[in-house]
Amino acid sequence: MTVQIPTLETQRLILRGPEPEDYPNFKSTFTSYRARFMGGPLNDYETWMLYAAEIGHWHIRGFGMWMIHDKATDKPLGMAGGWRPAKWPEAELAWIIWPETAGKGYALEATHAVRNHLYTQMGWETAVSYVDPKNLDSIRLAERLGAQRDKTATTVDGNDIVYRHPSPDQLAGSQLANGIEMEIANYADPLFKPKGMPID
């Protein structure tokens, strides 16, 4: 399957498909302690294979992970997108932010845009996120997106927990969606950023 990967834009971000020039940042993160909740740290070979899978996933599944870039500087910030490799029980909304860019709301802004695209443009009726129970940052982000723990859902390997996202109908025009937009706007304009915002 040949697929044209769409470009998504938000107030601060541009999301594009993974390219070869993005690999150094990917490698730096996945060979580091930051990857401890995703089976890492990985060695060089494992990291290369995973990045090849990121690119190939788009062509096999028709969806995948976008690279998140700062709109003003084009600096790479992380990844967010749809993910369903072999043995995944359901299609996942997944994300990772490079260590030096965490805590600025980029993951929330990117995943909100990605989920909207997957729902409205690709016809997803549901989405889950598989999270390591020790990954408190990802749990907080899932909850800020309105996802709730689904104890009835099948996990990937028994060592993760499943957060189920609101359906498209539940999300459309909801107070939750409006609240997410307001939080993103607060990050984008520091003059209005409330104190004590949770990190991502």
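Starting from 1, each residue takes its place in the sequence as its number. Atom set for the values below is all heavy atoms of this structure, side chains included, hydrogens, waters and symmetry mates excluded.
- A salt bridge links Asp74 and Arg16; the closest N-O separation between the charged side-chain nitrogens and carboxylate oxygens is under 4.0 Å.
- Residues Glu92 and Ser129 bring no donor and acceptor atom of their side chains to less than 3.5 Å of each other.
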Residue pair Lys27, Asp22: steps toward the salt bridge (charged side-chain N to carboxylate O under 4.0 Å, His left out) verdict: CA-CA 9 Å; Lys27 179 181 177 183; Asp22 298 314; over 6 Å; no
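- Between Glu143 and Arg149 there is no salt bridge, since no side-chain N of the basic residue sits under 4.0 Å from a carboxylate O of the acidic one.
- Ring-centre distance between Trp83 and Tyr130: not below the 6.0 Å cut-off.
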side-chain hydrogen bond (donor to acceptor under 3.5 Å, both in side chains) assessment of Asp150 paired with Thr152: CA-CA 5 Å; Asp150 185 350; Thr152 68; 2.6 Å; yes
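- Under a 4.0 Å N-O distance rule, the pair Arg84/Glu90 does not qualify as a salt bridge.
- Within a 6.0 Å radius of CD in Glu100, more than 12 heavy atoms belonging to other residues, nucleotides or ligands are found.
- Judged purely by distance below 3.5 Å, without hydrogens or angles, the side chains of Thr126 and His165 never pair a donor atom with an acceptor atom.
- For Trp66 and His117, the ring centers sit closer than 6.0 Å to each other.
- At a threshold of 4.5 Å between non-hydrogen side-chain atoms, the residues Pro76 and Trp98 count as touching.
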Yes or no on side-chain hydrogen bond (donor to acceptor under 3.5 Å, both in side chains) for Asp44 and Thr47, after CA distance, side-chain angles and deciding distance? CA-CA 5 Å; Asp44 288 356; Thr47 306; 5.5 Å; no
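- Side-chain contact between Val128 and Leu93 is absent, with no heavy-atom pair separated by less than 4.5 Å.
- Looking at heavy atoms from C-beta onward, His57 lies in side-chain contact with Phe63 at the 4.5 angstrom threshold.
- Ile55 and Phe30 fall within a single hydrophobic cluster, where Ile, Leu, Val, Met, Phe, Trp and Tyr are joined by side-chain heavy atoms under 4.5 Å apart, directly or via other members.
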